Amino acid sequence: MTVDLGVYLSGLRLRNPTILASGILGDKAQLLRRASESGFGAVTTKSFTYNPREGYKTPIVAEVKAGLLNAVGLANPGYKMMRKIISEARINGVPIIVSLAGSNIDEFHRMAIYADESGADAVELNLSCPHVEKMGMEIGQDPNYVARLVGDIKGSITIPLFIKIGLTDNYMEVVGRALDKGADGVTAINTIRAMAIDIYAKKPILSNIYGGLSGPAIHPIAIRITYDLYSEYRATIIGTGGVEDCKDALEFILAGATAIGIGTSISKKGLNIAKDIVRGIRKYMENEGVKKLEDLIGYVHKN
Ligand SMILES: Cc1cc2nc3c(=O)[nH]c(=O)nc-3n(C[C@H](O)[C@H](O)[C@H](O)COP(=O)(O)O)c2cc1C
């Protein structure tokens with residue numbers, strides 16, 4: 001049986017549902033290109049900020065139980081570098097999603113227009129960085145702000161717009177308002193604010209004290225959020241959080257995700273993880289007699 005793993009993500013055709021999550025490989029074009037060549041269906045850039053940022057002092061990463069804690073501090077060369085990075089990273093047929101982290105609506109607006117003009121295939125607004133003040137969670141929790149932001153940008157760009165949310169009390173309201181204003185989809189979820197302590201030094205491990213938790217520990221939370229968003233809005237979702245194998249990816253798809261973001265597990269398994277996951281999904285579809293992956297999106301809601 002031939003099976004079709006391609007999906008339409010708000011108008012973007014992906015050869016398979018795997019997407020390199022933002023930030024995990026840093027900001028180098030070469031690495032984005034390698035991810036595309038390794039079989040990812042699409043790649044997301046590191047979040048660009050308006051001005052270049054050096055990020056925090058080390059230690060910026062710590063391994064914790066069932067995951068990774070990071071506080072990189074949105075280190076990136078500033079949004080003007082995106083044009084060069086996009087052109088160097090591009091390989092045919094693999095969309096590039098540009099992630100943006102502005103500190104106000106004007107910055108987001110300018111960067112989104114620049115991304116569109118620079119050849120990005122979509123923009124993802126990072127509204128959920130858990131460790132940089134005024135550039136993430138604070139703005140992502142304010143439904144009025146998010147509605148204004150999305151409405152403002154949507155009228156000025158021609159490419160799909162995604163918002164990236166984290167774990168907040170009011171994510172349902174925030175996403176509802178963003179979708180009303182024309183957001184094309186949601187990336188769920190970003191890392192979750194957390195911390196770890198060195199018991200011998202008797203102080204927090206990360207220089208920033210707090211970091212964002214990613215990896216298997218957050219997977220069931222991301223599944224729940226995906227399920228809720230699909231149930232309420234039939235939203236287009238990039239399910240992200242703790243995907244290590246095809247079972248994790250399929251869980252997201254059945255919950256309602258159209259595509260799957262993959263981050264932390266790349267540090268353990270390398271870039272071939274995309275191919276491995278695609279192979280596993282193909283086998284599952286053959287065994288289950290499913291011809292089109294799109295038929296599985298949100299399937300649990302049918303039961
Ligand atoms: C080292 C590191 C850097 C990250 N940088 C960004 C970033 O710049 N922008 C963003 O939206 N998410 C960033 N993330 C979050 C990931 O894109 C992803 O949402 C999160 O890690 C959950 O997926 P995972 O469990 O597969 O890693 C980063 C995650 C890690 C581990």
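Counting starts at 1 for both ligands and their atoms, following the listed order. Since the structure is predicted, the reported quantities are computational estimates derived from the model, not experimental observations.
Close approach of ligand 1 to A21 (heavy-atom distance below 4.0 Å) involves ligand atoms 17 (O). With ligand atoms numbered from 1 in the order given, ligand 1 contributes 24 (P), 25 (O), 26 (O) to contacts under 4.0 Å with heavy atoms of G242. Close approach of ligand 1 to I218 (heavy-atom distance below 4.0 Å) involves ligand atoms 22 (C). Taking every heavy atom of N126 and a limit of under 4.0 angstrom, the matching atoms of ligand 1 come to 9 (N), 10 (C), 11 (O). Below 4.0 Å from some heavy atom of L74 lie the following atoms of ligand 1, by number and element: 8 (O).
Residues Y299 and V243 are members of one and the same hydrophobic cluster, defined by side-chain heavy-atom contacts under 4.5 angstrom among Ile, Leu, Val, Met, Phe, Trp and Tyr. V150 and M172 fall within the same hydrophobic cluster, defined by Ile, Leu, Val, Met, Phe, Trp and Tyr side-chain heavy atoms under 4.5 Å apart, directly or through other members. The cluster map of Ile, Leu, Val, Met, Phe, Trp and Tyr, joined by side-chain heavy atoms under 4.5 Å apart, puts I260 and V94 in different clusters. A single hydrophobic cluster is not seen to contain both Y210 and I60; linkage of ILVMFWY side chains at heavy-atom distances under 4.5 Å, directly or through other members, places them apart. Connection of M195 to L68 is not established within any shared hydrophobic cluster, with ILVMFWY side chains joined at heavy-atom distances below 4.5 Å, either directly or through further cluster members.
Residue contacts with ligand 1 for N70 involve side-chain atoms from C-beta outward but no N, CA, C or O (heavy atoms, distance under 4.0 Å). Residue contacts with ligand 1, taken as heavy atom pairs separated by less than 4.0 Å, do not involve T187 at all.
You'll find the side chain of V3 stays beyond 4.5 Å of the side chain of V290, heavy atoms only.
For a threshold of 3.5 Å applied to N or O pairs, the pair formed by S265 and ligand 1 contains no separation below that value. When only interatomic distances are considered, the shortest N/O to N/O separation between T191 and ligand 1 does not fall below 3.5 Å. Considering backbone and side-chain N/O atoms, T240 never comes within less than 3.5 Å of an N/O atom of ligand 1. The shortest N or O to N or O distance between I189 and ligand 1 is below 3.5 Å. Backbone and side-chain nitrogen or oxygen atoms of E124 are examined, and none is located within less than 3.5 angstrom of a nitrogen or oxygen of ligand 1. Considering backbone and side-chain atoms alike, G215 places an N or O below 3.5 Å from some N or O of ligand 1.
Hydrophobic cluster membership of I199, counting Ile, Leu, Val, Met, Phe, Trp and Tyr whose side-chain heavy atoms lie under 4.5 Å apart directly or via other members: Y200.
Given atom 8 (O) of ligand 1, the protein heavy atom at minimum distance is K46 NZ, 2.9 Å. Closest to atom 15 (C) of ligand 1, if we only count protein heavy atoms, is N190 OD1, 3.4 Å. At the top of the distance list for atom 9 (N) of ligand 1, counting protein heavy atoms only, stands S47 OG, 2.7 Å. The protein heavy-atom contact nearest to atom 12 (N) of ligand 1 is K164 NZ, 3.0 Å. Atom 27 (O) of ligand 1 has T264 OG1, 2.6 Å as its closest protein atom, hydrogens excluded (heavy atom only). Summary of contacts: the protein heavy atom closest to atom 31 (C) of ligand 1 is I24 CD1, 3.3 Å. Nearest protein heavy-atom contact of atom 21 (O) of ligand 1 is S214 CB, 3.2 Å.
For R34, the CZ atom is loosely surrounded, since the number of other residues' heavy atoms within 6.0 Å does not exceed 12.
No donor-acceptor contact under 3.5 angstrom links the side chains of S99 and N126, judged on distance only. Judged purely by distance below 3.5 Å, without hydrogens or angles, the side chains of T187 and E124 pair a donor atom with an acceptor atom.
Ion pairing of D27 with R53 is absent here, as no side-chain N (NZ or NE/NH1/NH2) approaches a carboxylate O to less than 4.0 Å.
For the side-chain contact (heavy atoms from CB on, under 4.5 Å) criterion with I165, the lone passing option out of L229, N190, L127 is L229.
Checked against salt bridge (Lys or Arg N to Asp or Glu O under 4.0 Å), K57 has no partners two or more places apart in sequence or in another chain.
When G263, S22, G23 are ranked by how near their heavy atoms come to atom 16 (C) of ligand 1, first place goes to S22.
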